Amino acid sequence: MSVHMRLGALGAALAIAATPVLAQPALAQPPIGQCTPPSETPVTEISWAQKRMAADRAWPLTRGDVIVGVVDTGVSAAAPALAGAVLPGTDLQGGPGNDDCFGRGTFLASLIAARPSSDPHVPFAGVAPSAKIFPVRVSDDPPKIQDHAALANSIAKGIRAAVDGGAKVVAVGLVATLDMPELRAAIAYATERDVLVVAPAAVPKKGQLAFPARIPEVLAVAPVGPEGPVNSPTYGANPAIAAPAQQLVGVAPHGSGHRVSSGDELAVAYVAGAAALVRAYHPALPAREVAARLLYAADHPSTPLPNDLIGYGVVDPFAAVTTIPNTDPPATPPPENLAVPKPATPDPAPTNRALWLTGAIAAAALLLAGPAIAAAARHRRTN
């Protein structure tokens, strides 16, 4: 089946009607040379992605009260929707990471942990609204990054910083196209400390590789839109799971309103938020089993798994929290006894007794009938 045919089939399976045009235009990055402006206009319609995730179904059980690292452009503690959620974090250049000029780290964090609004007309909230965010600023301007070896090493430092900051889940919003020993060592460092790392599977250009998503212990996330898998996705790693990445409602670093944005890397926020819910509700569950639960409970496509476009399917936060995976080994049926028993050796005694009895009766009959037979014979001779 061609990629376009698969896109059509999966799009039909996953299609959800797109919401009407929302209050803010799509804004993937700030104007050149400027920080992201404040957003003062609240969005009063629930986005298709928030409907699709339906994470609020899990909130009576868990609201994700764990620390989630966000390795990207920093996270603004001044965003009202993230009030009280953002830890100081760190900037790899020095100082804290709880401010954000570019805005993407704050947007990611809002998808993970934005607190519900007190205004009943504003439905926006993050997947895990009790999570704390440990922000790590790797770059103030990701589009200008050219040195991907240095970027890989910076992501490695960011992951280590988030792990040391107490994160149980780390969402990486940046993609390096080069594999570096320092990055693999950082993933091993996180794995040894039972931390789940989530990263984008998509890359800007065909033929590029996606790191850290290609490292086996990392959960690689594919983007989907309102109609299903994105058109002509370019992957640098095999996706394990998918999540919304287009026409998303989130927050800016400043202002009490919202903005709408799209970007393949934004999908990691929903998976990280779902992982936070699971980790808070099942605190004894190791990171590898959290990842396995996310895959097991995902909204699977009707194709062999993993699917080329969305891995094991679209993340389902409620199912990930509540589903009990069947981990019992398949039952082994008892072996069948196919041996045909040999017939028992007949006992000759009854037969012999019957023959003797028959013989005796016959002899007795002859004795009794003897005189009559002899008389009959004499009578025939006389005549």
Side-chain angles (χ1 to χ4, degrees), residues 24 26-39 68-82 85-114 133-165 167 170-178 180 182-183 186 197-200 202-204 208 210-212 245 248 250-255 257-269 272:
Q24 291 282 346
L27 183 62
Q29 62 187 64
I32 296 174
Q34 301 179 31
C35 289
T36 297
S39 178
V68 179
V70 175
V71 179
D72 202 81
T73 62
V75 176
S76 175
L82 290 169
V86 183
L87 301 172
T90 186
D91 184 332
L92 296 185
Q93 301 302 317
N98 59 352
D99 198 2
D100 184 13
C101 174
F102 189 79
R104 190 174 67 194
T106 302
F107 197 96
L108 283 167
S110 71
L111 299 179
I112 297 169
I133 299 296
F134 187 94
V136 179
R137 183 182 298 111
V138 172
S139 171
D140 279 324
D141 200 352
K144 291 185 177 179
I145 295 174
Q146 299 294 326
D147 187 346
H148 278 248
L151 174 60
N153 290 335
S154 293
I155 293 173
K157 293 177 183 177
I159 292 170
R160 286 178 177 269
V163 172
D164 291 342
V170 177
V172 180
L174 296 158
V175 180
T177 59
L178 294 176
M180 299 298 290
E182 291 84 351
L183 186 53
V197 180
V198 183
V203 288
Q208 291 180 328
F211 289 96
L248 308 182
V251 306
H254 300 275
H258 305 97
R259 65 178 61 254
V260 179
S261 190
S262 298
D264 293 345
E265 68 282 354
L266 301 180
V268 301

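This one's a predicted model, so the numbers in the text were calculated from it and none came from an experiment.
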Inset, instruction - Say whether, by atom type as modelled, one donor and one acceptor occur between the side chain of Ser39 and the main chain of His258 under 3.5 angstrom. - result: yes
Where is the tightest heavy-atom contact between [X] and [Y], given as atom of each residue plus distance?
X      : Y      : value
Pro80  : Gly255 : CD-O, 3.2 Å
Thr106 : Ala252 : CG2-O, 3.7 Å
Pro37  : Arg259 : O-NH2, 2.8 Å
Gly74  : Pro135 : C-CB, 4.3 Å
Val75  : Gly105 : CG2-O, 3.5 Å
Pro200 : Ala210 : O-CB, 3.9 Å

Please examine the side chains of [Y] and [X], heavy atoms only from C-beta on, and report whether any two atoms are closer than 4.5 Å.
X      : Y      : result
Phe102 : Pro143 : yes
Val68  : Phe134 : no
Val260 : Leu248 : no
Ile145 : Ser139 : yes

Inset, instruction - Scan side-chain atoms only and decide if His148 and Thr177 contain a donor-acceptor pair under the 3.5 Å cut-off. - result: yes
Inset, instruction - List the steps and the verdict of side chain to side chain contact (heavy atoms under 4.5 Å, CB included) for Ile133 and Leu87. - result: CA-CA 6 Å; Ile133 299 296; Leu87 301 172; over 6 Å; no
Measuring from [X]:[atom1] to [Y]:[atom2], what's the distance to the nearest 0.5 Å?
X      : Y      : atom1 : atom2 : value
Asp140 : Cys35  : CG    : SG    : 7.5 Å
Leu178 : Leu151 : CG    : CG    : 9.0 Å
Phe107 : Ser76  : CZ    : OG    : 14.5 Å
Leu266 : Ser261 : CG    : OG    : 5.5 Å

Inset, instruction - Not counting sequence neighbours, which residues clear side-chain hydrogen bond (donor to acceptor under 3.5 Å, both in side chains) with Asp72? List them please. - result: Arg104
Legend entry - Evaluation steps, side chain to side chain contact (heavy atoms under 4.5 Å, CB included), between Val170 and Val71: CA-CA 7 Å; Val170 177; Val71 179; 3.7 Å; yes
Distance-only donor-acceptor hits, side chain of residues 152-163, under 3.5 Å, sequence neighbours excluded:
unit_1	atom_1	unit_2	atom_2	d
Asn153	ND2	Ala149	O	3.4
Ser154	OG	Ala150	O	3.1

Legend entry - Where at least one partner belongs to residues 88-98, residue pairs that pass salt bridge (charged side-chain N to carboxylate O under 4.0 Å, His left out), sequence neighbours excluded: Asp91-Arg137
Inset, instruction - Show your reasoning for whether side chain to side chain contact (heavy atoms under 4.5 Å, CB included) applies to Leu92 and Val136. - result: CA-CA 7 Å; Leu92 296 185; Val136 179; 4.1 Å; yes
Legend entry - Check against side chain to side chain contact (heavy atoms under 4.5 Å, CB included), Val138 and Thr73: CA-CA 6 Å; Val138 172; Thr73 62; over 6 Å; no
